[in-house]
Protein chains: 2
Amino acid sequence: MTTPRPVGADDVQLGASSGAADLAVVNSQRARSELSSRRLLESAVELIAERGYERTTLVAIGERAGYSRGLVTDRFGSKEKLLWHLLEHHFVKWTEDSLYPDLAGLPAAAALNRAIERTRDNIRLAPTRIRAVYSILFESLVLVPGVRERVALMHREHRASTAAMIAAGIANGDVPATVDPEAMADAWVATFRGVAYQWLLDPETFQIDRALREMSTLFTPMLTAGPVGGTEADPS
Amino acid sequence: MTTPRPVGADDVQLGASSGAADLAVVNSQRARSELSSRRLLESAVELIAERGYERTTLVAIGERAGYSRGLVTDRFGSKEKLLWHLLEHHFVKWTEDSLYPDLAGLPAAAALNRAIERTRDNIRLAPTRIRAVYSILFESLVLVPGVRERVALMHREHRASTAAMIAAGIANGDVPATVDPEAMADAWVATFRGVAYQWLLDPETFQIDRALREMSTLFTPMLTAGPVGGTEADPS
DNA sequence: CTTAGCTTGTCAGCTGACAAGCAAGGACCC
DNA sequence: GGGTCCTTGCTTGTCAGCTGACAAGCTAAG
């Protein structure tokens, strides 16, 4: 038995598949374990995207990755630790390291539109990963309490930072003073999650691009201090 | 063994607890079975609201209702059939028989505000039942495929009827012609679901009343053909 | 030879389903 | 009205399938 040596946050670059290197058999032990860890994570993400976390079996993860059923436990310690790894790595880290910096300094309306664009790009580029993330977010409602609390905290922070952004916009006149920052942040995050929910629920029928566009149509005027109270109804 | 005799849709009026009758021991067999069915459904709803469907055990349902573990299967046939019963009874039936008629004939903006009010009332009056329903909606993403398809269908219909309502509003001038009915319906349903999600996720912190109010603030102007493009910014 | 990577054997806990059985209700007959 | 017997409501015994965890062991790297 190998001592459970949890994969560090930066051991693995999931999604950045190094392509041909997979076959150029570098048999160094370090390389082997990195490869297998990456494959395990990929399998896990795929399976979670397909059927959620609870219905995903360690056996299934191992087999799809081309290994045995025991490797996941050996690598990550337990199934739940794997979940935490995915949660922190794919969601929290992405939000904090990639999304937030990208929005920094933008006026509120522009920032929210940028967030929409980023989401659309992500869905186009890595739909499986996004599905897996959202799957976990929704499933967290009925998982181990700890996970739900973590996700709840993420959302609290997300609402808070959105509200802060809107409040800043009010302070320097970009956003109408009639807006309630916290309430608006509630609605913003809600719409985002609801769009994701419907997409997961019914990928074939629900047109997520249209829905994201509509979000922009809906929120932009509310966050824009129009020249004189225009609904932008008549740009002709 | 008793032949599995599934409870008919109108055998049981869940929630309409007849109060004192519980103790006024009417030992008629018919009365006994109605009482036990009602109690079983109540327990199931409570437990699903607390921990979701999959983590709810037949043993737990029976025990909480004051019966044995075997009764649920005997009454409903299987755990999954119980789920279907709740789904059709609590959600579909409520929407079609109670909500839709209530909105009929109202202008779009008024109808949507009425839907918000109804939701708020429901949450105040029967929070547990509402939590259970939403729990099932979100959990359906990772349940037996059949359930998910049913829920997806419900949402398709819900979007369609919302879009139709908006389109009708455009036709008779209540709603600005710039609005895209389908896209608006997408966003509307999305916001509703996202508000519910955050409420389930974090009941203590998320202020659902505020969020519902903000939904109104957000959608009402978009669905109202203002006198002359007013954002309703200044009602003073 | 030592250690790391990975596999396989094995086990225990849980859960839903089903069948057999018990006790109380209720209809029918006298 | 009271006794008999069938029916209904409910319980308990039991089982099989699944799954995550752990330990021992094999193979190849170093």
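For clarity, every value in this text was computed on a predicted model and none was experimentally measured. Below, chains carry the letters A, B, ... as their sequence lines are ordered, and counting in each starts from 1.
Taking the six-membered ring for Trp and thresholds of 30 and 60 degrees, A/His155 and A/Phe91 have nearly parallel ring planes, at less than 30 degrees apart. Classification of the B/Phe138-A/Phe138 ring pair by plane angle, with boundaries at 30° and 60°, yields parallel. Classification of the B/Phe192-B/Trp188 ring pair by plane angle, with boundaries at 30° and 60°, yields perpendicular.
Counting to the nearest Å, the C1' atom of C/dT8 and the CG atom of A/Asp74 are 13 Å from each other. Between A/Glu63 atom CD and C/dT8 atom C1' the separation is 13 Å, expressed in whole Å. In this structure, B/Glu54 atom CD and D/dC18 atom P are separated by 15 Å, rounded to whole Å. B/Leu47 has its CG atom 15 Å from the C1' atom of C/dT15, to the nearest Å. Following rounding to the nearest Å, A/Leu71 (CG) and C/dA4 (P) show an atom-to-atom distance of 16 Å. In this structure, CZ of B/Phe76 is placed 13 Å from P of C/dA17, rounded to the nearest angstrom.
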Start with the C-alpha distance between A/Arg120 and A/Glu117, add both sets of side-chain angles, then the distance that settles salt bridge (charged side-chain N to carboxylate O under 4.0 Å, His left out), and finish with yes or no. CA-CA 5 Å; A/Arg120 183 164 21 219; A/Glu117 279 172 34; over 6 Å; no

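Annotation: of the two residues near DNA chain D, B/Gly70 and A/Lys79, the 5′-most nearest-nucleotide partner is B/Gly70.
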Under the 3.5 Å Watson-Crick or G-U criterion, the dot-bracket string of DNA chain C, with | for inter-strand pairs: ||||||||||||||||||||||||||||||

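For B/Thr57, taking side-chain heavy atoms from C-beta onward, the closest of the listed nucleotides D/dC10, D/dG20, C/dT15 is C/dT15. Among the nucleotides C/dG16, D/dA21, D/dT11, the one closest to any side-chain atom of B/Leu58 is C/dG16. Checking C/dC6, C/dA17, D/dG9 against every side-chain atom of B/Ser78, the shortest atom distance belongs to C/dA17.
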Protein-nucleotides 27-30 of chain D N/O pairs closer than 3.5 Å?
| from | atom 1 | to | atom 2 | distance (Å) |
| --- | --- | --- | --- | --- |
| D/dA29 | OP1 | A/Asn27 | ND2 | 3.3 |
| D/dA29 | O4' | A/Gln29 | OE1 | 3.0 |
| D/dG30 | OP1 | A/Gln29 | N | 3.2 |

Sort me out a list of protein N/O and nucleotides 10-12 of chain C N/O pairs below 3.5 Å, or just none if empty.
| from | atom 1 | to | atom 2 | distance (Å) |
| --- | --- | --- | --- | --- |
| C/dT10 | O4 | A/Arg69 | NH2 | 2.8 |

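A donor-acceptor pair is defined here as one N or O able to donate and one able to accept, closer than 3.5 Å; no such pair exists between the side chain of B/Ser98 and the backbone of B/Thr95.
With respect to B/Glu46, the side chain to side chain donor-acceptor pair (under 3.5 Å) criterion is satisfied by exactly one of B/Arg51, B/Arg129, B/Arg64: B/Arg64.
A salt bridge does not link A/Glu214 to A/Arg210: none of the charged side-chain nitrogens sits closer than 4.0 Å to a carboxylate oxygen.
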